[in-house]
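Read the structure below first, then the notes.
Note that these values count all heavy atoms, side chains included, but never hydrogens, waters or copies made by symmetry.
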Amino acid sequence: MPMIDLTLPAGALQRSTLNTLVEDLTTTVLHWEGVADNPATRAMAWAFVHELPSGAVNVGGKPAELPVYRVFLTVPQGLPGITGPLKEQRRNALVHEVTELVLTAEGVTNIEAHTHRVWCMLREQSEGFWGATGRILRMTDWDALARAGETATI
């Protein structure tokens, strides 16, 4: 299940817009991971929003003139949708969609002219190195939780 870290300058997005963006990012990542989008998988999909004060986001050693965004997507290794050498097109589509979501939330209409302001990093968490519910969870555990429709007690 994804762990989303969105870093942006404070005030770049209104609170309601930011809430919608986080919801849309969650939906998008679940889709491209290739897992079911249900209450169980959503309960395991966490997003952390890091709003940095003015001047704390820099480009080329100087405060950014326009807002820049960093999106880290941490996913379990072995996901059916985006891992493995043959899944590069799906990862590319995920990054493209995340970039569009962020820029659209900001109100940008010419997306292609601003894609350089969104960096999206995908991190795979190795099997056996992801812990929740007080224990290590493996892909079989995540899969069982999602398929059973259980709400993880995290």
Practice prompt. Share the residues that join Trp119 in a hydrophobic cluster, the rule being Ile, Leu, Val, Met, Phe, Trp or Tyr side chains under 4.5 Å apart at the heavy-atom level.
Written response: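 Members besides Trp119, by chain and number: Phe72, Met121.
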
Exercise for the section: List, by chain and then residue number, the residues other than Leu66 in its hydrophobic cluster (Ile/Leu/Val/Met/Phe/Trp/Tyr, side-chain heavy atoms under 4.5 Å); write none if there are no others. Expected result: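 Joined to Leu66, directly or through intermediates: none.
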
message = Applying a strict under-4.5 Å side-chain criterion to I, L, V, M, F, W and Y, I'd like to know whether Tyr69 and Leu122 cluster together.
response =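 In one cluster: yes.
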
Check: Going only through I, L, V, M, F, W and Y residues with side-chain contacts under 4.5 Å, is there a path from Leu6 to Val57?
Finding: no

Going by the rule side chain to side chain donor-acceptor pair (under 3.5 Å), which residues pair with [X] if we only count those two or more places apart in sequence or in a different chain?
| X | answer |
| --- | --- |
| His50 | Asp5 |
| His96 | Glu100 |
| Thr28 | Glu97 |
| Thr27 | Arg42 |

*Provide the closest heavy-atom pair for Val59 versus Ala64 in the form atom of the first, atom of the second, distance.*
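Nearest pair, atom of Val59 first, then Ala64: CG2-CB, 3.8 Å.
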
In terms of heavy-atom contacts, Gly55 and Pro63 come closest through CA-CB, 4.4 Å

Residue pairs meeting side chain to side chain donor-acceptor pair (under 3.5 Å), one or both in residues 53-65, sequence neighbours left out, come to none

In this structure, CG of Leu103 is separated from CD of Glu112 (nearest 0.5 Å) by 9.5 Å

So CG of Leu73 and CG of Leu25: to nearest 0.5 Å the spacing works out to 7.5 Å

Tell me whether [X] contacts the main-chain N or O of [Y] through its side chain, where contact means a donor paired with an acceptor under 3.5 Å.
| X | Y | value |
| --- | --- | --- |
| Thr115 | Ile111 | no |
| Gln14 | Leu18 | no |
| Thr41 | Ala36 | yes |
| Thr26 | Val22 | yes |

Quick note, salt bridge (charged side-chain N to carboxylate O under 4.0 Å, His left out) partners involving residues 133-142, not counting sequence neighbours, are Glu127-Arg138, Arg135-Asp141

Pairs meeting criterion salt bridge (charged side-chain N to carboxylate O under 4.0 Å, His left out) with involvement of residues 51-61, two or more places apart: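 Qualifying pairs: Arg15-Glu51.
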
Next on the checklist: Trp130 vs Gln77, test: side chain to side chain contact (heavy atoms under 4.5 Å, CB included). Steps then yes/no.
Outcome noted: CA-CA 10 Å; Trp130 193 308; Gln77 187 178 52; over 6 Å; no

query: For Phe48, does the CZ atom have more than 12 heavy-atom neighbours from other residues, nucleotides or ligands under 6.0 Å away?
result: yes

* Asked: Quick one: does Thr74's side chain get under 4.5 Å of Pro2's, heavy atoms only?
  -> no

Exercise. Heavy-atom distance under 4.5 Å between the side chains of Cys120 and Val95, does that happen here?
Worked result: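 Cys120 reaches Val95 side chain to side chain.
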
Salt bridge (Lys or Arg N to Asp or Glu O under 4.0 Å) partners of [X], counting only residues at least two apart:
| X | result |
| --- | --- |
| Glu124 | none |
| Glu106 | Arg117 |
| Arg70 | none |

Leu8 and Val49: CA distance, side-chain angles, deciding distance, side chain to side chain contact (heavy atoms under 4.5 Å, CB included) verdict:
CA-CA 8 Å; Leu8 68 158; Val49 177; 3.8 Å; yes

Check your understanding: Would Val68 and Val118 count as a side chain to side chain contact (heavy atoms under 4.5 Å, CB included) if you check the C-alpha gap in whole Å, the side-chain angles of each, and the deciding distance to 0.1 Å?
Key -> CA-CA 6 Å; Val68 294; Val118 180; over 6 Å; no

